[in-house]
K.L.:
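My structure is below; once you've seen it, I'll send some questions.
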Number of protein chains: 2
Amino acid sequence: MAASEDSLRRALVEKQSTIESQGNAVRALKASNAEKKAVDEAIEKLNALKLEKSSIEKQLQASVGGNPGSSVSKEAFRQAVVNTLVGRLFFIPSFKIYGGVAGLYDYGPPGCAIKSNVLAFWRQHFVLEENMLEVDCPCVTPEVVLKASGHVDKFTDLMVKDEKTGTCYRADHLLKDFCNEKIQKDLSITAEKAAELKHVLAVLDDLSAEELGTKIKEYGITAPDTRNPLSDPYPFNLMFQTSIGPSGLSPGYMRPETAQGIFVNFKDLYNYNGNKLPFAAAQIGQAFRNEISPRQGLLRVREFTLAEIEHFVDPDDKSHPKYSEVADLEFLMFPREQQISGQSAKKTCLGEAVSKGIVNNETLGYFIGRVYLFLTCLGIDKDRLRFRQHLANEMAHYAADCWDAEIESSYGWIECVGIADRSAYDLRAHMDKSGVPLVARERISEPKEVEKLVIAPVKKELGLSFKGNQKKVVEALEAMNEKEALDMKSSLETKGEVEFHVCTLGENVTIKKSMVSISKEKKKEHQRTFTPSVIEPSFGIGRIIYCLYEHSFYLRISCMRMLRKIISKSLTAAGISHKIDITGTSIGKRYARTDELGVPFAITVDSTSSVTIRERDSKDQIRVNVEEAATVMKSVTDGNTTWADAWANFPHHSSVSAEE
Amino acid sequence: MAASEDSLRRALVEKQSTIESQGNAVRALKASNAEKKAVDEAIEKLNALKLEKSSIEKQLQASVGGNPGSSVSKEAFRQAVVNTLVGRLFFIPSFKIYGGVAGLYDYGPPGCAIKSNVLAFWRQHFVLEENMLEVDCPCVTPEVVLKASGHVDKFTDLMVKDEKTGTCYRADHLLKDFCNEKIQKDLSITAEKAAELKHVLAVLDDLSAEELGTKIKEYGITAPDTRNPLSDPYPFNLMFQTSIGPSGLSPGYMRPETAQGIFVNFKDLYNYNGNKLPFAAAQIGQAFRNEISPRQGLLRVREFTLAEIEHFVDPDDKSHPKYSEVADLEFLMFPREQQISGQSAKKTCLGEAVSKGIVNNETLGYFIGRVYLFLTCLGIDKDRLRFRQHLANEMAHYAADCWDAEIESSYGWIECVGIADRSAYDLRAHMDKSGVPLVARERISEPKEVEKLVIAPVKKELGLSFKGNQKKVVEALEAMNEKEALDMKSSLETKGEVEFHVCTLGENVTIKKSMVSISKEKKKEHQRTFTPSVIEPSFGIGRIIYCLYEHSFYLRISCMRMLRKIISKSLTAAGISHKIDITGTSIGKRYARTDELGVPFAITVDSTSSVTIRERDSKDQIRVNVEEAATVMKSVTDGNTTWADAWANFPHHSSVSAEE
């Protein structure tokens, strides 16, 4: 908590108590029929105290709520942007004629053209520039893939239900809203209470279902729409579920990210790349998240286009050959340490951040630099773009490092690109689940002696028993980890055979002692086998486009509105009676209307530098600079000069509207 | 049925019966101890009859099965194409490491590049060329939209289940397979039976669930994998179903086509186009069909990319301003009449087909021409591309006309683009369901008097009762058709109020007499209001790409295989003993192997015009034209010339493989 806010809250509590004492004092004086002077003095003191309290409240309000004016103007700005975007069909709320669906938007014609350009540039800047292997996988994904990736078990948000109406809410959102509301609007809470609420906000993402439930009960939070009581929080999986094929027995999901399609193809892609590392694969496509209650308009949607890169690299060598091309870039970076110590993002040289170890490795740094170039080339304002490192509690346990490209918008700083070093997690998960080795091999110059588990399937025996399935059984045997293999070895020695699950067959097979030999041997290794690390830059295309709109948006109309005010002010100063006409009717009709009223001159604000002045009887029009408009009018209406003089001195305006 | 096939079947039945009589005659002669000459003559006659029968069988086989050699070579060709496509990662069976999912394929790196080029060209050729309004709508679609379009009720295939294992099959596929198998393989069936089976094939798409079930029972068709009995056929909806939001109360589907996203946006798009017709909207995106049991590999998939155009046009004027640009094109067309009369597709001038009314209108003709140009520019062989008109039983009742661009592949003629005049069906369906008018308006020069239903909502009254919902109620009232309005009128007159369903609100409201006035009035109309017709070209991008692969594919290896045979033949003719080595081992290892055996010369086929001849002891290599190879060998091995002569007369070949 900022020291000033803390001390203001304490001052407010003290002041309130002083006011109460003084109030009691006044009442006591009155009750004791004290002399008027003493009573008046006491009241005066009370009023002064109240004024002081009010002043502290204002300071506190400013401290906790930011600049309220600025927050209002942000909302107004956003409304202007969204009105234009929807009015001009950049976006259309999907299925609008049926009332729409929360979190689903269409790209209309101009939006579609922009999206297509952004994707073409992305392909150029990343896929072609780096010779990435682009793939295009289906959205429909069988359960086993997302079970392996962890999405089936862990891709959830905690939800609470209105116990009477059944309406669902995100539990963390309700708690967050409650805390923010209290901190910003309720000035009576103590500094200690405020500190507690801020702590809740800080650890919000780490709270378990139970802890969230306890807080919701403790704070008496109810359903926002009805004030009904809420259920306990429980996890809701954010994937759209479906069923593949007619049997109803093959659950599937709409992919929540495109990355898994790349991971499951690692073996083929590595092979396609000549069994060489590093290489990157890329994919552009739709992803789906069944949000509980989408907020933040175009930023939090249920279906969106992702562009993802999976760069596979030797975990022992995360250098990048083109790193030097980006090392000198300078831009706003916001490392973990600076966030914790309450500082803000600082302009930093990327190369220094990497060499100091703030960014974990060169390849991660390279992609951060490339993302910076991509976004700023697109048109994102570099002063409203920062790279924020994930805090420890934001990052998955396996991740080595993670940075988000955040773009400042009217909603605040928005995560638009995530750039994570996910280590070997994803490939290992799919290797474990599928039994197919997803590894890379490197020849080493000096063979080294190692004690090694040797799994030697006896192909002839396996072939006799499993015929066409032999290859899959062999692969599954070879993919066993050390523990599994040693367990099998001891089972085979004691029982002679063992049941063995072959994932690619979807069934158990019986392995006999004659079918495989398992041993630990000293071996000379000529090659190193390892699971590559993955560096993943992942782009939310819709969010980038929305931020691009905000950064590119300006209102010519607001400039003219300002001009209108300036001219009106100067006319008033010059003592000229006037009326502003901002009705939507055509300029011709507006002239006709003022002509009928007998208004002698009309000033039309039709440009940002000069205006048109029109004389009623002649219908002649001249062009006059904004600053001169009032002076010219004053001079002509006072009779110091004539319209003929003005007509002689200023350029003429000849456009005549159709209605005249 | 072709006359020849029919007569062959009859001839076969007759011949069989003659053979049986003659067999009886032989047995009778033997039994009566007739003289040997008579028996021999009878047997000779029997054998002659059998030979004649065998000849008829061969003719019939050729007639019903096509050229069996050609069908085998088509399969082999397809296998070669698919092997290359999968081997070089043009396609990858999705989620392969988990055993894959039928009907789901990834585009690998080269496939992805091709897809991206095809889509870019499509955008250029259609969207940009015609100033189409491109949109990009979500795949997740709420039920109400697909209920209106008819997909929820009618987008089904008939399915049967193996009664013991529960495995599902498409009922029509099983019946089709049975009929084809019988006709092609069972030569003993009568001409009448064959005609019946052919009739079943012809009407297959029109059979109801009951009729299909009856046929399946009648023919004793069982589950192909187990021979178990089958359930009665029942409809299975081909859409992937899901649920939108956490409540479980909002069913949704993955869109089966992209078109609906355009139809529901008609009002905004028409407005965006300045309220002018004609205009076209376009969309590229994923579509989903949960096929019961996908067959035909890459052609019948569960998720695919569609590119669709909806061209909205005045039903009274379907001319097209750019029609003359395509009218002179000539290509294979296959109108309904020619299909029915058993002819084949003929090269036709598009302009003639339109002027004769074979193609329903100019706009439809224009798109047929543009599709022809698109496909042939891509690289589709124009001689293997035809435009086939839908037969009456293939076409929806509302469709005015429909043509498929079919491309010939190893699977036969494949529908790759559908070009349909869908009349006003889709817009009307969504207007009826949503209550939002999806109409166009045209100013007419001479106002005309019409008797017209006038629905005049009293906005003030409606505003008082419905507040913010007033607009939606007004729109719904105005969207009533004549019958609904007159029903409401009479209800209001008798009861004073009526319940009225407002779709956009999702609820009933009570309409009172004071809220709306409904009457039939003579009115002068200054504008014509109508529902536009829709001409829809719809492209299956994956199918087009697959056909493109087949049309572009050739095997250089087969040329070398041919050379190998030619050289081998000429060596044999020259009396030189030799052995062809097509093992996959390196050329160096193969030389080492023949050296060890003492083979003096090796000919390596490493180009299509010349070969390398290598002498064992010197390891020297010379280049010799294919035609001369055997002569040179003959001359040297016969001792007529020496290797030194050959070395002097032919260019030397210097590449030495690493293993030598």
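The sequence lines fix the lettering, A, B, ..., with proteins before strands; numbering per chain opens at 1.
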K.L.:
Walk me through it: do B/Phe240 and A/Ser243 pass the test side-chain contact (heavy atoms from CB on, under 4.5 Å)?
P.N.:
CA-CA 7 Å; B/Phe240 283 99; A/Ser243 184; over 6 Å; no

K.L.:
Below 4.5 Å, heavy-atom pairs only: which of A/Ser116, A/Gly166, A/Pro246, A/Ser250 has the largest tally toward chain B?
P.N.:
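The residue among A/Ser116, A/Gly166, A/Pro246, A/Ser250 with the greatest pair count is A/Pro246.
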
K.L.:
Would a 4.5 Å heavy-atom cut-off, applied to side chains only, mark A/Phe95 and B/Gln260 as touching?
P.N.:
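No, their side chains stay 4.5 Å or more apart.
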
K.L.:
Could you tell me whether the side chain of B/Tyr98 reaches within less than 4.5 Å of the side chain of A/Pro142, counting heavy atoms only?
P.N.:
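Side chain of A/Pro142 against side chain of B/Tyr98, heavy atoms only: no contact under 4.5 Å found.
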
K.L.:
Return a table of donor-acceptor pairs under 3.5 angstrom between the side chains of residues 99-115 of chain B and protein atoms on other chains or two or more places apart.
P.N.:
{"unit_1": "B/Asp106", "atom_1": "OD1", "unit_2": "B/Ser94", "atom_2": "OG", "d": "2.7"}
{"unit_1": "B/Asp106", "atom_1": "OD2", "unit_2": "A/Asn265", "atom_2": "ND2", "d": "2.7"}
{"unit_1": "B/Lys115", "atom_1": "NZ", "unit_2": "A/Asp136", "atom_2": "OD2", "d": "2.4"}
{"unit_1": "B/Lys115", "atom_1": "NZ", "unit_2": "B/Thr305", "atom_2": "OG1", "d": "2.8"}

K.L.:
Report which part of B/Met431 has an atom under 4.5 Å of a heavy atom belonging to chain A: side chain, backbone, both, or neither.
P.N.:
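B/Met431 has no heavy atom closer than 4.5 Å to chain A.
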
K.L.:
Quick one: what part of A/Leu438 sits under 4.5 Å from any heavy atom of chain B, side chain, backbone, both or neither?
P.N.:
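Interface part for A/Leu438: side chain.
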
K.L.:
Go through the atoms of B/Phe236 and report whether side chain, backbone, both or neither lie under 4.5 Å from a heavy atom of chain A.
P.N.:
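Looking at B/Phe236, just its side chain touches chain A.
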
K.L.:
Please state whether the side chain, the backbone, both or neither of B/Thr141 comes within less than 4.5 Å of a heavy atom of chain A.
P.N.:
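Contact with chain A involves both backbone and side-chain atoms of B/Thr141.
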
K.L.:
Count the heavy-atom pairs under 4.5 Å between each of B/Cys137, B/Cys168, B/Pro138, B/Ser293 and chain A, then report the option with the highest count.
P.N.:
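The answer is B/Pro138.
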
K.L.:
Would you find a donor on one side and an acceptor on the other, under 3.5 Å apart, between the side chain of A/Gln286 and the backbone of B/Cys139?
P.N.:
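Checked: no pair found.
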
K.L.:
If you count heavy-atom pairs under 4.5 Å with chain A, which of B/Asn290, B/Leu133, B/Val436, B/Val127 comes out on top?
P.N.:
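Counting heavy-atom pairs under 4.5 Å, the top option is B/Asn290.
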
K.L.:
For chain A, find which of B/Ile284, B/Asn237, B/Thr504, B/Asp268 contributes the most heavy-atom pairs closer than 4.5 angstrom.
P.N.:
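Maximum pair count with chain A is reached by B/Asp268.
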
K.L.:
Which answer fits A/Ile244, side chain, backbone, both or neither, if we ask what part of it has an atom under 4.5 Å from a heavy atom of chain B?
P.N.:
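Both parts, backbone and side chain.
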
K.L.:
Relative to chain A, which of B/Glu291, B/Lys267, B/Met159, B/Met254 shows the most heavy atom pairs under 4.5 Å?
P.N.:
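Most pairs with chain A among the choices: B/Met254.
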
K.L.:
Just so I understand: if I count every heavy-atom pair under 4.5 Å between each of A/Lys96, A/Met132, A/His430 and chain B, which residue has the most?
P.N.:
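Heavy-atom pairs under 4.5 Å are most numerous for A/His430.
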
K.L.:
Between side-chain atoms of residues 117-124 of chain B and protein atoms elsewhere (two or more places apart, or another chain), which donor-acceptor pairs fall under 3.5 Å?
P.N.:
{"unit_1": "B/Arg123", "atom_1": "NE", "unit_2": "B/Glu134", "atom_2": "OE1", "d": "3.0"}
{"unit_1": "B/Arg123", "atom_1": "NE", "unit_2": "B/Glu134", "atom_2": "OE2", "d": "3.2"}
{"unit_1": "B/Arg123", "atom_1": "NH2", "unit_2": "B/Glu134", "atom_2": "OE2", "d": "2.8"}

K.L.:
Identify which part of B/Val264 has an atom lying under 4.5 Å from any heavy atom of chain A, answering side chain, backbone, both or neither.
P.N.:
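For B/Val264, the contact with chain A is made by backbone and side chain together.
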
K.L.:
Using a cut-off of under 4.5 Å on heavy-atom pairs, state which of A/Val144, A/Ile292, A/Leu89 scores highest against chain B.
P.N.:
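That would be A/Leu89.
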
K.L.:
A/Thr242 side chain to B/Gln241 main-chain N or O, any donor-acceptor pair under 3.5 Å?
P.N.:
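Yes; judged by distance alone, with no hydrogens or angles, the pair exists.
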
